[in-house]
2 protein chains.
Amino acid sequence: MPRPRSLTTAQLAAAALAVIDRDGLDALTMRTVAAELGISTMGLYRYVDGRDQLEALVVELVLTDVDTTPAAGDTPWRGAIGTLAERVRVAVGAHPAVVPLLMTHRHRSPHLLRWSETVLGILTAAGYDGPARVTALRAITGYMVGVLQLQHLGPLAGAGTKVIAAQSDFPLMASTARDAAAVTPEAEFGAGLSALLSGLTPR
Amino acid sequence: MPRPRSLTTAQLAAAALAVIDRDGLDALTMRTVAAELGISTMGLYRYVDGRDQLEALVVELVLTDVDTTPAAGDTPWRGAIGTLAERVRVAVGAHPAVVPLLMTHRHRSPHLLRWSETVLGILTAAGYDGPARVTALRAITGYMVGVLQLQHLGPLAGAGTKVIAAQSDFPLMASTARDAAAVTPEAEFGAGLSALLSGLTPR
DNA sequence: ATCGTAGGCGTACATCGTACGCTTAAAATC
DNA sequence: GATTTTAAGCGTACGATGTACGCCTACGAT
């Protein structure tokens with residue numbers, strides 16, 4: 001009966017993500033996104049309740065790129081989880097500026113719930129149960145979001161590392177920082193994750 | 001020659017932290033902090049360059065409570081690092097609302113640099129060196145900031161967990177969420193950390 | 001052709017950070 | 001003790017932002 005909507009939520013999310021990718025997270029305002037869509041600022045509110053919901057849409061869009069299909073059943077469980085985690089890293093790495101939003105909206109993302117369910121399936125098959133399963137999943141997601149944020153806010157190859165490398169009051173930090181420039185984000189992410197996973201043991 | 005300052009930076013940081021502890025991070029504005037100090041809004045700018053610097057002061061104040069003294073030399077290295085990490089958790093847990101600031105200002109905190117130097121000392125004594133030492137330190141700090149944020153934004157005993165426990169489309173998530181309420185933040189933090197540490201091996 | 005409903009927009013306001021320029025306290029000098 | 005000098009402290013004002021509210025209007029159903 002009424003007038004039909006002229007935009008889909010997918011278009012909203014895409015426009016917001018485009019703004020973020022182009023001009024950074026600070027540029028994400030109701031006004032810029034509305035302009036990106038060619039509608040007025042308040043027109044946006046016919047589609048979302050407010051900025052928070054818009055951010056949630058962006059997060060969900062980014063995570064949509066993550067394949068949550070588990071590896072073949074005979075894959076060692078640590079490897080299977082490692083693959084799932086690496087997929088998240090790649091998807092998020094394609095839109096680095098959204099990292100801060102990930103933390104705030106992570107728990108509202110259906111796709112990430114699906115991802116977690118898959119990880120839990122692997123953990124359960126590996127013999128995990130009860131509180132140990134809780135802490136295992138939490139440790140994995142905690143590690144992931146932590147390292148992703150570290151990489152976004154202070155990449156090992158970035159300026160901050162150079163500053164530390166030049167300090168003489170913290171010799172170990174300085175020497176470590178000099179080694180750091182050569183470590184890629186992928187290697188960094190993977191090294192810590194496999195350490196964590198190999199330290200996790202069912203029961 | 002000029003008029004002397006009537007406030008110390010310590011007082012500034014304490015006032016800002018008081019606002020955060022009392023009314024949450026959203027309440028941290030230049031105006032509220034100035035009011036807390038009994039000065040005018042713009043008076044604050046005689047002490048800090050802007051909001052960013054004020055936030056950095058708060059972070060530094062919170063981290064000041066962390067003892068960076070390493071345990072006795074004959075302590076196993078994993079235990080020594082575990083103790084250092086736990087001290088951070090306790091200090092941060094005393095002011096949960098500052099957690100988001102930790103991420104953004106972590107790299108500017110001298111006290112945290114000191115803390116990292118101590119951890120690197122332990123890692124080095126354990127036989128770590130080169131890129132492996134880089135990734136080990138990064139994994140530890142990444143895990144810590146990640147889990148601390150998870151605990152702050154979505155505590156296992158919180159409402160979000162209850163919502164997940166009630167969902168039937170993700171049975172493993174639901175069942176895991178039911179187990180989660182019984183896990184304390186300390187146990188959660190410690191379980192993941194000791195898994196990570198025991199998975200880390202020098203060379 | 002008409003009508004009801006939701007789409008879309010413009011205005012307006014509260015809140016925030018902060019630039020700018022004034023007044024004034026008080027240490028240093030005489 | 002009077003004067004000078006320098007930064008302390010403040011008030012006003014402005015741009016940016018999220019969003020409440022009420023208007024007009026497009027368009028499917030009748």
Side-chain angles (χ1 to χ4, degrees), chain A residues 1-61 97-98 100-101 103-105 108 153, chain B residues 1-61 97-98 100-101 103-105 108 153:
Chain A
M1 229 192 223
R3 188 165 157 188
R5 301 176 97 81
S6 47
L7 296 170
T8 65
T9 37
Q11 287 175 289
L12 288 210
L17 184 57
V19 169
I20 295 177
D21 283 343
R22 180 174 1 103
D23 300 324
L25 187 54
D26 284 350
L28 184 78
T29 70
M30 300 304 274
R31 287 168 228 265
T32 55
V33 174
E36 180 83 16
L37 288 164
I39 64 176
S40 79
T41 305
M42 294 313 291
L44 249 189
Y45 284 84
R46 292 284 167 187
Y47 294 90
V48 288
D49 267 356
R51 189 203 162 100
D52 251 35
Q53 208 170 101
L54 185 60
E55 291 179 351
L57 287 179
V58 173
V59 169
E60 187 64 7
L61 175 59
V98 304
L101 299 184
M103 280 308 306
T104 355
H105 299 282
R108 284 193 255 164
L153 264 50
Chain B
M1 225 190 215
R3 187 165 157 189
R5 299 176 98 82
S6 47
L7 297 170
T8 65
T9 38
Q11 286 175 288
L12 288 211
L17 184 56
V19 168
I20 295 177
D21 284 343
R22 183 178 354 107
D23 300 323
L25 187 55
D26 284 349
L28 184 78
T29 69
M30 300 306 272
R31 288 169 227 265
T32 55
V33 174
E36 179 83 16
L37 288 164
I39 64 176
S40 80
T41 305
M42 293 314 290
L44 249 189
Y45 285 84
R46 292 285 167 186
Y47 294 90
V48 287
D49 266 356
R51 188 201 162 99
D52 252 34
Q53 208 170 101
L54 185 60
E55 292 178 350
L57 287 180
V58 173
V59 169
E60 187 64 7
L61 175 60
V98 304
L101 299 184
M103 281 307 307
T104 356
H105 299 280
R108 284 193 255 163
L153 263 49

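A note on names: the letters A, B, ... follow the listed sequences, proteins ahead of strands, and every chain is numbered from 1. Being a predicted model, the structure only gives us computed values, none of them experimental.
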- Item | Between C/dG7 (C1') and A/Tyr47 (OH): distance, integer Å | 7 Å
- Find out whether A/Leu7 and A/Arg46 are in side-chain contact, i.e. whether some heavy atom of one side chain is under 4.5 Å from a heavy atom of the other. no
- Round to a whole Å and report the spacing from CD of B/Glu55 to C1' of C/dG17. 12 Å
- Between CG of A/Leu54 and P of D/dG18 the distance, given in whole Å, is 9 Å
- A/Leu44 CG to D/dT17 P, straight-line distance once rounded to whole Å: 14 Å
- Rounded distance (nearest 0.5 Å) linking atom CG of B/Leu44 with atom CD1 of B/Ile39: 4.5 Å
- Item | Contact summary for A/Val59 and A/His105, nearest pair of heavy atoms | CG2-CB, 3.9 Å
- Item | Test salt bridge (Lys or Arg N to Asp or Glu O under 4.0 Å) applied to A/Arg5 - qualifying residues, sequence neighbours left out | none
- Query: Could you state the interatomic distance from CG (B/Asp21) to CG (B/Asp23), rounded to the nearest 0.5 Å?
  - Reply: 10.0 Å
- Message: Just verifying a value: how many Å separate B/Arg31 CZ and B/Met42 CE, rounded to the nearest 0.5 Å?
- Response: 9.0 Å
- Item | Separation of D/dA20 C1' from A/Tyr45 OH (nearest whole Å) | 9 Å
- Query: Can you tell me if A/Gln11 uses its side chain to pair, donor with acceptor, with the backbone of A/Thr8 under 3.5 Å?
  - Reply: yes
Give me the distances for all protein-to-nucleotides 3-6 of chain C N/O pairs that come in under 3.5 Å?
from  : atom 1 : to     : atom 2 : distance (Å)
C/dG4 : N2     : A/Met1 : O      : 3.1

- Any side-chain heavy-atom pair of B/Arg108 and B/Asp52 under 4.5 Å: yes
Would you list the protein and nucleotides 10-16 of chain C atom pairs, both N or O, that sit under 3.5 Å from each other?
none

- Round to the nearest Å and state the distance from A/Ile39 atom CD1 to C/dG7 atom P. 12 Å
